[in-house]
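Everything below concerns the one structure shown next.
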Amino acid sequence: MSRYHNLEPFEDKGRTRRLRQWLNVLFILGAIVGMAWFTWRDHDTAIYIMIGAGVLKFVELTLRIAKL
């Protein structure tokens with residue numbers, strides 16, 4: 001059985017917690033800007049913005065899975 005039960009609160013005490021929080025904020029802002037850009041401006045640029053946001057999320061996910 002795992003160390004944490006599903007109903008028990010999990011405290012994230014990892015060294016990269018702050019970095020992961022900032023990466024999540026940048027991901028959310030990038031996704032919002034990308035969607036807005038797609039709606040009102042150039043579609044190609046918007047796709048690049050959203051790909052960049054996705055890369056940030058992938059980096060955050062990698063840090064979380066590695067439990068650094």
CG-CZ distance between Leu23 and Arg18, expressed to the nearest 0.5 angstrom: 13.0 Å
Minimum heavy-atom distance Trp37-Asp42, with the two atoms named: CD1-O, 3.2 Å
Common cluster, Leu26/Leu19, ILVMFWY with side-chain heavy-atom separation under 4.5 Å: yes
Within one Ile-Leu-Val-Met-Phe-Trp-Tyr cluster: Leu56 and Leu63, side-chain cutoff 4.5 Å: yes
Nearest-0.5 Å distance, CZ of residue Arg20 to CG of residue Leu61: 10.0 Å
Between NZ on residue Lys57 and CG on residue Asn24, distance to nearest 0.5 Å: 4.0 Å
From Ile49 atom CD1 to Phe38 atom CZ, the distance as rounded to the nearest 0.5 Å: 12.0 Å
Thr39 side chain vs Met35 backbone, donor-acceptor pair below 3.5 Å: yes
Distance-minimising heavy-atom pair for Gly30 and Ala53: C-CB, 3.9 Å
